[in-house]
2 protein chains.
Amino acid sequence: MNTGTEAPRRTRIQQEKRELILEAALEVFSTHGFRGSTIDQIAEAAGMSKPNLLYYFRRKEDIHETLMQRLLDTWLAPLRELDDIGDPMTELRSYIRRKLEMARDFPRESRLFANEILQGAPRIMPLLAGELKTLVDEKAAVIKGWMRAGKIARTDPWHLIFSIWATTQHYADFDVQVRAVLGPNRGGDGRFEDAARFLEQLFLEGLKPKG
Amino acid sequence: MNTGTEAPRRTRIQQEKRELILEAALEVFSTHGFRGSTIDQIAEAAGMSKPNLLYYFRRKEDIHETLMQRLLDTWLAPLRELDDIGDPMTELRSYIRRKLEMARDFPRESRLFANEILQGAPRIMPLLAGELKTLVDEKAAVIKGWMRAGKIARTDPWHLIFSIWATTQHYADFDVQVRAVLGPNRGGDGRFEDAARFLEQLFLEGLKPKG
DNA sequence: CAAATTTTTGACCGATTGGACAAACGTTAG
DNA sequence: CTAACGTTTGTCCAATCGGTCAAAAATTTG
């Protein structure tokens, strides 16, 4: 029985070329958005002709969809790792650090996601209200537990998570602005370490349990 | 002498129709980005034909440019108001509050700006490295003064400003995600007050001067 | 009123878009 | 070698894109 959801068999060439296309599409989609990107652009970036690209992905949307599916898993991995077992302050610090590292190492993925959300998330809305909400609610409960135990200051766990997302992804999504404002000296490679130091201080001081 | 920069004389109809177009363009550009928006879409949203729209703005870029110029002034107003005179903690609190109010009351303007930055700020890069950087540097100096005076904790003023931008604009730019995660109950109109409470706590506790 | 000016429209243009298709080309298994 | 299969390409298409233009309609001015 073919359910239509199982992964189709693929030759070695198909696997390689599909990866090539997805890599090129990530570059193009993340800087121009879905509607602002053309198949020609992606094909050229992947070093092949447009009909050839369409042999591997029949529609432009298929590329984007495949990209988004892969993205979400790796994107939410840091939050999944947030664990009830360790010390709350240590857990939060390493969550912030991991998210900031992702903004540094995978800025295109961050911008691709930001583009999708900015435009109303037309293609991933169900995922947000489903899988994502479930995960966040789950982690919010963990954080609430820490608050009840007096390990961190009482505050809104959901908005805490939002603020960590916002501040860390800012360094990927608004990178040009950050670099423009910091200037050539402070806007160099060291900006992520500066940001890490600042965010650590902000969140850890801001969340210290009160006497 | 015509410098080319003075405002042309306009009839009453021209003023009204241009406003109508800019309002419609704000709606369209902010949700689809520049390249993702079409003149037809804007014309239809403004209730006029495409050639009629092009009578008031000769090129698509002219609409976007006018929109961005107007935007930047109002968008930076809260930061301009950040003043050396008042109490540092009070000043910062009201700056955060004003920025959050702008995210609530002008989400389309925020998304328009975010779209532009996300795509590498091709049309406003000079403004970022010029006017914006100057303003931020100036306010960073003010904040540094507060730190030297022991009024607030020592930290990086530039990244402090970035974090305020990121956290407040998040509620406009990522609104769909915020509402999806919070769900129908907590994601209603009250979410901005919850956010205000959280951000106030985060920043004011995180910036308390240390003994 | 009538003339001058401004506003609106329909028809049209070349360029670009996403995508189809058959033919040509490569590769591999028997 | 050859037949089958997988890959690549050139050509083509209808739809849409940003934008032009002349003429009609509406408005303002004298």
Side-chain angles (χ1 to χ4, degrees), chain A residues 2 6-68 112 115-116 119 122-123, chain B residues 2 6-68 112 115-116 119 122-123:
Chain A
N2 188 335
E6 52 192 275
R9 281 180 215 139
R10 299 211 171 92
T11 68
R12 178 185 53 85
I13 292 184
Q14 272 171 0
Q15 284 183 20
E16 287 174 6
K17 293 291 169 105
R18 282 175 65 94
E19 288 306 316
L20 211 74
I21 292 169
L22 289 172
E23 158 66 24
L26 175 59
E27 185 72 29
V28 176
F29 279 145
S30 65
T31 56
H32 298 110
F34 180 76
R35 291 188 52 182
S37 305
T38 72
I39 300 182
D40 284 289
Q41 275 179 305
I42 300 171
E44 195 196 333
M48 61 180 71
S49 64
K50 182 170 67 169
N52 197 8
L53 182 148
L54 285 167
Y55 170 71
Y56 294 103
F57 291 91
R58 301 177 65 174
R59 295 178 312 150
K60 182 184 173 186
E61 272 204 58
D62 292 348
I63 311 175
H64 191 267
E65 196 184 316
T66 307
L67 225 38
M68 290 298 296
L112 179 67
N115 255 310
E116 179 69 11
Q119 310 193 351
R123 282 168 277 270
Chain B
N2 188 335
E6 52 192 277
R9 281 181 216 137
R10 298 213 171 91
T11 67
R12 177 184 53 85
I13 291 184
Q14 271 171 1
Q15 284 184 22
E16 288 174 5
K17 292 289 168 109
R18 282 174 65 95
E19 287 307 315
L20 210 75
I21 292 168
L22 289 172
E23 157 67 25
L26 175 60
E27 186 71 30
V28 176
F29 279 143
S30 66
T31 56
H32 297 110
F34 180 76
R35 290 188 54 182
S37 305
T38 70
I39 300 183
D40 283 290
Q41 274 179 303
I42 300 171
E44 196 196 333
M48 62 180 71
S49 65
K50 181 171 66 170
N52 197 8
L53 182 148
L54 286 167
Y55 169 71
Y56 294 103
F57 291 90
R58 301 176 65 174
R59 295 179 311 152
K60 182 185 174 185
E61 272 204 57
D62 292 347
I63 311 176
H64 192 266
E65 197 184 315
T66 306
L67 227 36
M68 291 298 295
L112 178 67
N115 255 307
E116 178 70 11
Q119 309 195 351
R123 282 167 278 269

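Here the structure is a predicted model, which means the values were calculated and not measured. All chains are named by letter (A, B, ...) in the order of the sequence lines, taking the proteins before the strands, and each is independently numbered beginning at 1.
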Which whole-number value in Å describes the distance from [X] [atom1] to [N] [atom2]?
| X | N | atom1 | atom2 | answer |
| --- | --- | --- | --- | --- |
| B:Gln15 | D:dT27 | CD | P | 18 Å |
| A:Leu54 | D:dC12 | CG | C1' | 14 Å |
| A:Glu61 | C:dT17 | CD | P | 18 Å |
| A:Tyr56 | D:dG6 | OH | P | 12 Å |
| B:Asp40 | D:dT20 | CG | P | 15 Å |
| B:Arg58 | D:dC21 | CZ | C1' | 13 Å |
| B:Ile39 | D:dG18 | CD1 | P | 5 Å |

Euclidean distance, [Y] [atom2] relative to [X] [atom1], rounded to 0.5 Å:
| X | Y | atom1 | atom2 | answer |
| --- | --- | --- | --- | --- |
| B:Leu26 | B:Ile42 | CG | CD1 | 10.5 Å |
| B:Leu53 | B:Gln41 | CG | CD | 12.0 Å |
| B:Ile39 | B:Leu54 | CD1 | CG | 4.5 Å |

Can you pull the side chain to side chain donor-acceptor pair (under 3.5 Å) pairs that have at least one residue in residues 17-37 of chain B, sequence neighbours excluded?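 Every pair satisfying side chain to side chain donor-acceptor pair (under 3.5 Å) with a residue in residues 17-37 of chain B: B:Glu19-B:Arg70, B:Glu23-B:Arg108, B:Glu27-B:Arg108.
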
For nucleotides 9-11 of chain C, print each protein N/O atom paired with a nucleotide N/O atom at under 3.5 Å, atom names and distance only.
residue, atom, partner, partner atom, Å
C:dT9, OP2, B:Ser49, OG, 3.3

Residue set satisfying side-chain contact (heavy atoms from CB on, under 4.5 Å) with B:Asn52, at least two apart, ordered chain then number -> B:Met48, B:Ser49, B:Tyr55, B:Tyr56

Q) So, is A:Lys60 near the phosphate of C:dT17, with a side-chain N or O under 4.0 Å from OP1 or OP2? A) no

- Query: Within less than 4.0 Å of OP1 or OP2 of D:dT7, is there a side-chain N or O belonging to A:Gln14?
  - Reply: yes

- Below 4.5 Å, heavy atoms only, C-beta onward: do B:Asn115 and A:Gln119 meet side chain to side chain?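 SC-SC contact between B:Asn115 and A:Gln119 confirmed.
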
### Message
What I want to find out is whether B:Glu116 reaches B:Arg123 closely enough, with some N-O distance under 4.0 Å, to be called a salt bridge.
### Response
yes

Contacts of A:Glu61 meeting side-chain hydrogen bond (donor to acceptor under 3.5 Å, both in side chains) (sequence neighbours excluded), chain-then-number -> none

Sequence neighbours excluded, the answer for ring-ring contact (aromatic ring centres under 6.0 Å, His included) partners of A:Phe34 is A:Phe29, A:His64

Here the residues of residues 21-38 of chain A within 4.0 Å heavy-atom distance, strictly under, of DNA chain D are none

